[in-house]
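Reviewing the structure listed below.
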Amino acid sequence: MRTHRCGELNRKYAGKKVILCGWVNSIRDHGGVIFFDIRDRYGITQIVCSPENFKEDEFSRIKSIRDEWVVRVEGTVRERPIDTINPKTPTGEIEVVPEKVEIINTSLPLPFEISEIEKIEETLKLKYRYLHIRKSRLTENLNKRALFTYRIREFLISEDFIEVETPILTKSTPEGARDFIVPSRLNPGKFYALPQSPQIFKQLLMVGGLDRYFQVARCFRDEDLRADRQPEFTQIDIELSFINEDDIISLTERMLKYAIEKTFNIQIEIPFPHISYDEAISKYGVDTPDLRIPIEYIDITSIFQQTEIKILRDIIEKGGIIKGFVINKGEKISLKDIENIDRIVRETGGSGLGWIRLKGDDIQSPFKKFLFPETIQKIKTLISSENSIVLFLAGEQKKITGLLNVIKKYVIEKIFTDRTNVFKFIWVTNFPLFEYNPEEKRFQAVHHPFTSPREEDISKFKTDPGGMRSRAYDIVLNGIEIGGGSIRINKKEIQEEVFKTIGLKQEDAQERFGFLLRALEYGAPPHGGIALGLDRLIMLLVGEESIRETIAFPKTQKGTCPLTDAPSDVEQQLLKENRIKVDTEKLK
RNA sequence: GGGGCGGUAGUUCAGCGGCCUAGAAUGCCAGACUGUCGAUCUGGAUGUCGCGGGUUCGAAUCCCGUCCGCCCCGCCA
C-alpha cells in the first residue's frame with residue numbers, strides 16, 4: 001500500500017517514485033498550487049499539487065481535502081527550490097509531486113486542537129484518547145516504554161530469569177491496599193480479588209525452585225488516585241533464591257543502567273548511593289530524598305546550648321531541638337521571602353522562623369544582638385558561600401521536621417527551578433519492620449508482612465516490635481519512590497510471629513495465608529526480590545508529570561474511563577447469575 | 001473522608017462590585033490568492049455560561065446544594 005514512511009525521504013530520494021500513506025496535517029491552499037503535509041508516526045512530508053498536473057475534477061477533489069483525512073499519495077520526490085527549504089523538519093529539503101492523490105477516508109474536524117493538548121480538560125482528552133495518541137508525544141512515550149521493557153526482558157532473560165505469568169483472578173487478603181473484587185458465578189457468594197502485586201505467587205515460585213523469576217505484572221489497588229497513582233499499574237516484578245540484599249541491589253542497578261542507557265541515551269553511574277531510613281528522615285525529612293536538591297537539615301541545638309535567646313533556651317530546656325538548613329544561594333532569598341516563610345510556618349502551626357543571613361562579614365538576623373561571636377563562628381563552618389542564609393526552627397523533633405519540609409518546598413520553588421534531565425537514584429535501607437497504627441491500635445508492616453526482620457532483631461518480637469528493623473530496601477529516583485523489595489521470610493515460625501504481631505489471629509492467618517505457611521514448611525529457600533513501578537519510571541525518564549502520559553488508556557482521578565464509560569451498570573441477568581443484589585439507595 | 005483550583009462558542013480563555021441582545025483567539029464554513037510550511041486576506045455561522053434550587057424587576061455574575069475534572073492531605077502491605 002505504501003513504499004515509504006513519511007519522515008524518511010530526503011535529497012537522496014530525488015527523482016524516485018514513492019507512495020506515502022497518512023493523515024493530512026496542514027493544508028495551504030494558494031488558489032493555484034496547494035500544499036499539504038502528510039503525516040504518519042514517523043514524520044511528515046510536504047505534498048505539492050499544481051493545477052496543471054491534474055484534470056479539473058481531480059484538482060477540485062484535492063481542494064476538498066481537510067485536516068486529518070486519510071490519504072494515499074503516489075508521486076515523485078523532488079528537491080525543493082533553495083529558497084523554500086524548510087530547515088525545521090528533517091524532510092524539509094524535499095517534497096513529493098503527486099500523480100495521484102487517493103482519499104482513503106474522511107474525518108470530522110477534531111474535537112480539540114492538538115497544539116493546546118496540555119491545557120485540554122482530562123475528560124475530553126481521555127474520551128478521544130486515540131486522537132491524543134495520533135498527534136502527540138504520547139506515541140513517543142508509549143514507544144519508549146515498549147523499548148525500555150524490551151531491554152529489561154533482554155537483560156533479565158540473558159541472566160537466566162524465567163518470565164512467569166501469575167493469576168489475575170486470585171484471593172483477597174487482608175493488609176495492604178483495598179482489593180478490587182470479582183464475583184464467582186460458579187461459587188455463589190464468593191469473590192476473587194485482583195492482585196495488588198504477585199507477591200505471594202513469586203515466593204511460591206521460589207519454593208518451587210524456579211530460582212529466578214520476573215514478570216511485567218499488572219497490579220490493582222482500589223485506593224484514591226494521584227498524578228503518580230492509577231488503579232491498575234505495572235510493576236517489573238523480580239524474585240530470586242539464595243541471595244542477599246546486595247545481590248538484588250546490584251542486579252537492579254545493572255538492569256536499570258542497561259535498559260536506561262540502551263533506551264534513553266542517558267549515562268547512569270552505578271552503584272547508587274545508600275542511605276538509612278533514619279538518616280533520610282533526619283537529613284531530608286522524608287524517606288524519599290531528592291538528591292537534586294542540595295539541602296540537608298542540620299541539628300544545631302548544640303550551637304545554641306549557651307544561648308541568651310529566651311525562646312530558644314525555653315525550647316531546649318523542654319527537650320526540644322533546633323534544626324534548620326543552609327541556603328548557599330542566599331541572595332536569591334529576599335526579606336519578603338523570609339516574611340512569607342515565617343507566615344507559612346505560623347499558619348502551619350509553628351511558632352516562627354529563625355534566620356541568620358551571612359553576607360561576607362555582615363550579619364543580619366532578628367537575633368543579631370544575642371549571637372555570641374563563637375556562635376557565629378560555628379554557624380560559619382556550616383556554610384559554603386559568600387552569601388548564605390541559615391533558616392531554622394525550634395521545637396519538638398517530629399513537628400519541626402514537617403515544618404522544615406514545608407519551608408524546603410518554598411525554597412526549592414524559589415531557587416532550584418531547573419531540574420531537567422538529571423537522574424539521581426538512591427537506595428533507602430534499614431526500614432523499621434513495623435509501625436504502630438494508633439487508630440487501629442496495632443502494629444502494621446511497614447513494607448509488607450512477608451518481609452524478613454534482621455537476624456539480630458528476631459528476639460524483639462515480644463519486647464520491642466517497634467524497634468525491629470527489616471531487610472527491606474526502597475529505590476528512589478529524584479524524590480519519587482520507584483520501587484522496593486526485601487528479603488522474605490522463609491521460616492514458618494517467623495512468618496507466624498509477624499502475623500501475630502500485626503494482630504492477625506491464628507485462625508485468620510491460617511484462612512488467609514495458610515497456603516503460604518504450608519509452603520514454608522516444604523523446604524522454602526532463602527529468597528527475596530524487588531518490584532519497580534514501570535509507569536513511574538517511564539514518567540520520570542521521559543520527563544512527564546503524570547503516569548497518565550505513559551499509559552495508553554488511563555483512568556481519571558475517580559477511576560473512570562471517559563472513553564468506554566467504565567465502570568458502568570451491568571445486565572440484570574449477569575447480576576442474577578452472580579447472586580448479586582445492588583444496594584445504592586442510601587448512598588448520599 | 002478533608003483542603004485547594006477549575007467548569008462560559010468545537011477548543012483555550014476573558015467577562016463574575018447584577019443590564020450581556022455574552023466577547024477574544026483559534027478551529028469551522030464560504031470567497032480570494034501559484035511557493036506555503038502555525039500560510040495570508042475578506043466575510044459568515046456557532047453558546048442549556050456544568051446541573052438544580054433560591055435572592056432579585058432582572059443572575060454567567062450573589063447565596064445554597066449537587067455533579068464533573070485536576071492538584072494535594074488522609075489512604076496507597
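Note that the structure is predicted; figures quoted are calculated from it, not measured. Each chain gets a letter, A, B and so on, in the order its sequence line appears, and its residues count up from 1.
In this pair, A:Tyr277 and A:Phe431 present their aromatic rings tilted. The plane angle is within the 30 to 60° band.
For a distance-only test at 3.5 Å, the side chain of A:Arg80 qualifies as a donor-acceptor partner of the base of B:C37. A donor-acceptor contact under 3.5 angstrom links the side-chain atoms of A:Arg229 to the base of B:C75. A:Asp224 contributes a side-chain N or O that forms a donor-acceptor pair with the base of B:G74 under 3.5 Å.
When the P atom of B:U36 is taken as reference, atom CG of A:Asp67 falls 19 Å away, rounded to whole Å. For the pair A:Glu439 CD and B:C73 P, the interatomic distance rounds to 17 Å; values are reported in whole Å. To the nearest angstrom, P of B:C68 lies 17 Å from NZ of A:Lys555. A straight line from CG of A:Leu225 to C1' of B:G69 spans 13 Å, rounded to a whole angstrom. Rounded to whole Å, atom C1' of B:C68 lies 13 Å from atom CG of A:Leu126. Rounded to whole Å, the distance from CD on A:Glu413 to P on B:C71 is 16 Å. Between A:Gln557 atom CD and B:C67 atom C1' there is a gap of 15 Å when expressed in whole angstrom units. Per the geometry, CG belonging to A:Asn86 stands 11 Å off C1' belonging to B:G38, to the nearest Å.
Atom name P, nucleotides B:G58 and B:U21: the rounded distance is 14 Å, in whole Å. Straight-line distance between the P atoms of B:G65 and B:A25: roughly 38 Å, to the nearest whole Å. Spacing of P atoms, B:C75 relative to B:C49, comes out at 42 Å, to the nearest Å. One P atom belongs to B:G54, the other to B:C73, and the distance between them is 40 Å to the nearest Å. Across B:A24 and B:C63, the matching P atoms stand 29 Å from one another, rounded to whole Å. Of the P atoms belonging to B:C71 and B:A59, the separation is 36 Å, rounded to the nearest Å. Nucleotides B:G23 and B:G47 have their C1' atoms positioned 12 Å apart, rounded to a whole Å. Taking atom C1' in both B:A22 and B:G69, one finds a spacing of 24 Å when rounded to whole Å.
Residue A:Arg28 has no polar side-chain atom (N or O) positioned under 4.0 Å from OP1 or OP2 of B:C33. The phosphate of B:C70 has OP1 or OP2 within less than 4.0 Å of a side-chain N or O from A:Arg548. Between A:Gln196 and B:C76 there is no side-chain N or O to OP1 or OP2 distance below 4.0 Å. Contact annotation: A:Arg226 side-chain N/O to B:C73 OP1/OP2 distance is under 4.0 Å. Considering only side-chain N and O atoms, A:Thr84 lies nowhere under 4.0 angstrom from the phosphate OP1 or OP2 of B:C37. In this model, the phosphate group of B:C37 is not approached by any side-chain N or O of A:Thr91 to a distance below 4.0 Å at OP1 or OP2.
For the pair A:Arg129 and A:Phe553, the NZ or CZ position fails the cation-pi test of under 6.0 Å to the six-membered ring centre and within 45 degrees of the ring normal.
Ion pairing between a basic and an acidic side chain is recognised when a charged N comes within 4.0 Å of a carboxylate O; A:Glu507 and A:Lys505 show no such pairing. The pair A:Arg72-A:Glu74 meets the salt-bridge criterion, with a side-chain N (NZ, NE, NH1 or NH2) lying under 4.0 Å from an Asp/Glu carboxylate O.
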* Structure fact -> Counting primed atoms, P, OP1 and OP2 as sugar-phosphate and everything else as base, the B/S/- map of nucleotides 6-14 of chain B against protein heavy atoms under 4.0 Å is ----BBS--
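For RNA chain B, the residues of residues 33-55 of chain A within the heavy-atom distance limit of 4.0 Å (strictly under) are A:Val33, A:Phe35, A:Gln46, A:Glu52, sorted by number.
Counting any heavy atom pair closer than 4.0 Å across all strands shown, A:Asp29 reaches a base atom.
A:Arg28 and A:Gln46 share a donor-acceptor pair across their side chains, judged by distance under 3.5 Å alone. Under 3.5 Å, the side chains of A:Asn10 and A:Glu93 contain no donor-acceptor pair of N or O atoms. If you check the side chains of A:Arg488 and A:Ser486, you find a donor sitting under 3.5 Å from an acceptor.
Here A:His30 does not lie in a stacked arrangement on the base of B:G35, lacking the combination of planes under 30° and ring centres under 5.5 Å apart.
The pairing partner recorded for B:G69 is B:C5, the criterion being a Watson-Crick or G-U wobble arrangement whose two distances lie under 3.5 angstrom. Nucleotide B:U46: unpaired (no Watson-Crick or G-U wobble partner with both distances less than 3.5 Å). Pair check for B:U21 finds none; no Watson-Crick or G-U wobble contact set falls under 3.5 Å. B:C33 is unpaired under the Watson-Crick or G-U wobble criterion, no partner having all donor-acceptor distances under 3.5 Å.
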* Can you check salt bridge (charged side-chain N to carboxylate O under 4.0 Å, His left out) on A:Arg469 and A:Asp278, steps first, answer last? -> CA-CA 11 Å; A:Arg469 298 278 137 174; A:Asp278 287 341; 3.5 Å; yes
* A:Glu175/A:Arg512 under salt bridge (charged side-chain N to carboxylate O under 4.0 Å, His left out): CA gap, chis, key distance, verdict -> CA-CA 10 Å; A:Glu175 293 299 302; A:Arg512 292 302 177 184; over 6 Å; no
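Projected onto RNA chain B by closest heavy-atom contact, A:Thr556 and A:Glu95 fall at different nucleotides, the more 5' of which corresponds to A:Glu95. Toward the 5′ end of RNA chain B lies the nearest nucleotide of A:Arg78, the other residue of the pair A:Thr123 and A:Arg78 mapping further downstream.
Between A:Leu20 and A:His4, the shortest heavy-atom contact is CD2-O, 3.4 Å.
Annotation: side chain of A:Arg41 is not in contact with side chain of A:Arg134 (no heavy-atom distance under 4.5 Å).
Counting only residues at least two apart or on different chains, the salt bridge (charged side-chain N to carboxylate O under 4.0 Å, His left out) pairs with a member in residues 52-64 of chain A are A:Asp29-A:Lys63.
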